[in-house]
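Note that these values count all heavy atoms, side chains included, but never hydrogens, waters or copies made by symmetry. The sequence lines fix the lettering, A, B, ..., with proteins before strands; numbering per chain opens at 1.
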Number of protein chains: 2
Amino acid sequence: MVAGYDAVTVEDDSRGVSPETSRRVTLRDVARIAGVSHQTVSRAINGKGEIDPETRRRVLEVVQQLRYRPSRHARGLVRPDTTTIGLIVADVVNPYFPELIAGVISAAEQRGWKVLISTTQDDPGREPELLRSLAGQVDALIGYLFQPEDVIAGAVEGLPLVVINRPARHPAFSAVEVDVRAGVEAAMEHLIARGHRRIGMIDCPSAADPSRRDVLLAAAAAHGVPIAADAIVEVEQSQAGGEAGLARLREVRPDVTAVMAFNDMVAMGAHRTARRLGLSMPGDIALIGFDGLSFGELLEPPLTTVGIDKRGLGELAVAQVERLLAGDTPPTVVAPTRLLIRGSA
Amino acid sequence: MVAGYDAVTVEDDSRGVSPETSRRVTLRDVARIAGVSHQTVSRAINGKGEIDPETRRRVLEVVQQLRYRPSRHARGLVRPDTTTIGLIVADVVNPYFPELIAGVISAAEQRGWKVLISTTQDDPGREPELLRSLAGQVDALIGYLFQPEDVIAGAVEGLPLVVINRPARHPAFSAVEVDVRAGVEAAMEHLIARGHRRIGMIDCPSAADPSRRDVLLAAAAAHGVPIAADAIVEVEQSQAGGEAGLARLREVRPDVTAVMAFNDMVAMGAHRTARRLGLSMPGDIALIGFDGLSFGELLEPPLTTVGIDKRGLGELAVAQVERLLAGDTPPTVVAPTRLLIRGSA
DNA sequence: TTGTAGGCGTTATCAC
DNA sequence: GTGATAACGCCTACAA
């Protein structure tokens with residue numbers, strides 16, 4: 001009993017004299033004040049093992065009073081590990097991402113995993129920093145990243161990483177890619193079947209390899225409908241970029257009858273410009289986007305586009321993580337695309 | 001030394017013979033194989049303290065070879081805590097949420113916090129289970145929840161919780177609310193100023209209190225433009241609900257000239273029905289949504305709506321968490337709304 | 001430069 | 001029913 005008494009005094013000290021130095025309230029603090037062993041407190045909290053109801057009540061009271069909260073780290077150390085994966089994207093609001101995120105979350109949840117999300121707020125420069133800070137908290141990472149591979153590799157230091165927007169050259173990475181080639185191919189065939197022979201593109205800078213532009217050029221050439229160099233304009237990846245893009249393209253090549261946009265955002269801008277110029281779609285000009293974002297359905301006419309199964313992409317990424325975690329080095333997985341013919345082409 | 005030797009054997013066992021039983025690779029395993037103390041390994045990994053480059057190289061090699069990864073829990077136990085907050089929403093894809101999530105993430109990031117996201121996949125029944133499982137991983141929770149308060153309270157057991165879609169009656173909760181009253185009020189004034197006198201509503205079931213319906217009725221009454229009981233139809237909260245809602249309303253009260261929808265999703269459905277019926281907006285019928293989702297801008301005519309600063313809502317929630325974590329019991333915070341007059345009313 | 005001892009907060013196992 | 005004692009995997013002293 002003397003020991004208990006002593007302890008209480010110590011407790012009073014640390015709590016009364018210097019509450020600012022607020023050390024964390026621990027199981028032992030509760031135990032001391034409640035006059036029981038820390039083990040009993042544990043039992044009271046977890047409802048495990050036999051314990052006198054009265055003791056339990058008293059302990060829980062002290063728990064409340066001290067605002068005690070168990071340390072998740074201490075728990076994690078002792079209990080079977082919950083695996084947590086980190087997800088880094090540029091921006092949650094970009095309509096491309098929510099579905100992707102949903103795929104990751106649901107696939108993770110199926111496995112009983114948790115997902116930690118971070119965004120670069122559209123600033124790729126923050127990637128290394130984010131990767132580093134997430135790396136300490138998770139068991140693996142999934143990222144839609146733009147930095148050079150060695151920069152990324154340096155930041156994650158051996159943590160399993162799955163990249164979802166580009167090929168993985170670096171041996172430490174694993175990748176999920178979109179079948180851009182098949183998508184562009186399908187779009188091209190569609191346009192040609194509709195009689196288009198002078199096709200243009202509103203492209204954007206991208207780290208992908210091969211780029212959409214290369215793929216498009218190849219597909220067009222393969223079909224004997226070569227694309228003129230000046231029928232490809234490059235703009236910033238945004239709606240505004242798309243608006244400017246179509247305007248520019250019309251100036252340079254007014255004879256173009258069909259346009260493939262880098263993605264739906266850009267296509268939406270082009271769509272806007274087309275309407276502003278009084279061009280009917282698909283009559284005066286056919287327009288095809290890429291991504292298959294749902295807002296395209298709301299446009300008038302609705303946007304024809306190469307749809308990506310973004311949800312599936314997220315799920316595949318989690319599956320890759322699973323194999324990585326198991327010690328595998330899985331080959332790149334390719335997510336399919338599907339032409340969504342909706343009206344603008 | 002015998003102990004060490006034994007251990008090596010065990011290690012060999014667990015890796016070679018039964019990789020399924022795979023115990024975690026620890027710092028000590030690395031140390032043993034590298035022939036140094038676990039402390040040296042720690043130094044090699046963290047780059048702290050003096051260490052012979054050659055030793056370091058050798059250690060890191062073993063680290064690679066054994067695929068050693070430090071345990072985040074063990075680290076967390078010793079290092080200053082990263083605070084992590086859990087965020088629970090129904091579904092990331094619902095266009096209401098991405099902005100909210102973005103707000104939470106950016107506010108959290110500003111404070112150096114991490115965000116763990118979970119979704120109920122639109123099944124409120126999963127809330128207790130999710131809350132419980134998240135509770136073990138985070139320092140506080142933010143949730144867009146539908147279960148009764150005591151159910152929630154039981155699941156989080158004292159973890160700080162901020163609810164963002166309803167008032168907090170329970171003392172353990174803290175809340176961020178949307179200023180529905182002001183929003184509805186503004187919408188009402190707008191309609192009345194435009195000469196509308198027979199106003200209807202497409203409502204949905206909701207846990208909010210007071211409900212949007214009550215608020216609308218009060219506002220209407222206050223302006224001397226009472227709303228007939230049968231001018232309020234209740235539908236499921238979805239686009240399909242909205243479609244059915246306006247159709248039903250037109251049948252019962254064809255004289256209604258303006259309709260307030262429960263939210264933008266529902267309004268979009270109504271918008272569709274209006275077009276299908278050949279009703280011009282805002283001429284034949286004025287339509288106002290709620291939420292201020294951006295897709296409303298793409299409709300033709302664009303949807304007039306009561307806008308919510310969803311990003312701000314998320315930021316406010318994080319601020320509430322901060323106060324909660326500091327030991328405060330902050331009062332409910334109200335996020336403002338703003339009428340976005342875009343065309344449909 | 002390297003190794004040893006102790007502790008972080010929790011749970012499990014075993015006595016009492 | 002309750003309480004010691006020993007892990008869990010890591011890091012920060014401090015000693016060698």
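Note on B:Arg75: a side-chain N or O is less than 4.0 Å away from OP1 or OP2 of D:dC11. Contact annotation: A:Ser37 does not reach the phosphate of D:dA4 (side-chain N/O to OP1 or OP2, under 4.0 Å). Phosphate contact (OP1/OP2 of D:dC11, side-chain N/O of B:Ser42, threshold under 4.0 Å): present. Phosphate proximity of D:dG3 to A:Thr40: present, with a side-chain N or O under 4.0 Å from OP1 or OP2.
Rounded to an integer number of Å, the gap from B:Arg56 CZ to C:dG3 P is 16 Å. Distance A:Arg43 CZ to C:dT10 P: 15 Å, rounded to the nearest Å. Here C:dG3 presents its C1' atom at 15 Å from CG of B:Asp52, a figure rounded to the nearest Å. Atom CZ in B:Arg32 sits roughly 16 Å away from atom C1' in C:dG3 (whole-Å rounding). B:Glu54 has its CD atom 13 Å from the C1' atom of C:dT1, to the nearest Å. In this entry the distance linking CZ of B:Arg28 with P of D:dC11 reads 12 Å, nearest Å. With rounding to whole Å, A:His38 atom NE2 is found 12 Å from D:dA6 atom P. Here the P atom of nucleotide D:dC11 and the CZ atom of B:Arg72 are 15 Å apart, to the nearest Å.
The number of heavy-atom neighbours closer than 6.0 Å to CD of A:Glu50, taken from other residues, nucleotides and ligands shown, is 12 or below.
Heavy atoms of A:Ile51 sit under 4.0 angstrom from primed sugar atoms or phosphate atoms, though from no base atom. When heavy atoms are screened at a 4.0 angstrom cut-off, A:His73 is found touching no nucleic acid atom at all.
Along DNA chain C, the nucleotide nearest to B:Gly35 and the one nearest to B:Ala74 differ in position, and the one closer to the 5' end is contacted by B:Gly35. Across the interface with DNA chain C, nearest-nucleotide mapping of B:Leu77 and B:Gln39 shows B:Gln39 to be the residue nearer the 5′ end.
For a distance-only test at 3.5 Å, the side chain of A:Glu50 fails to qualify as a donor-acceptor partner of the base of D:dT2. Not a single donor-acceptor pair, N or O on each side, falls under 3.5 Å between the base of C:dG9 and the side chain of A:Arg69.
The side chain of A:Pro70 lies closest to C:dT10, out of D:dC10, C:dT10, D:dT2.
Annotation: side chain to side chain donor-acceptor pair (under 3.5 Å) contacts of A:Thr332 (sequence neighbours excluded): none.
A donor atom on one side chain and an acceptor atom on the other are not found under 3.5 Å apart for A:Gln137 and A:Thr84. Side-chain N/O atoms of B:Lys114 and B:Thr83 include no donor and acceptor closer than 3.5 Å.
Between B:Glu109 and A:Arg126 a salt bridge is recorded (basic side-chain N to carboxylate O distance below 4.0 Å).
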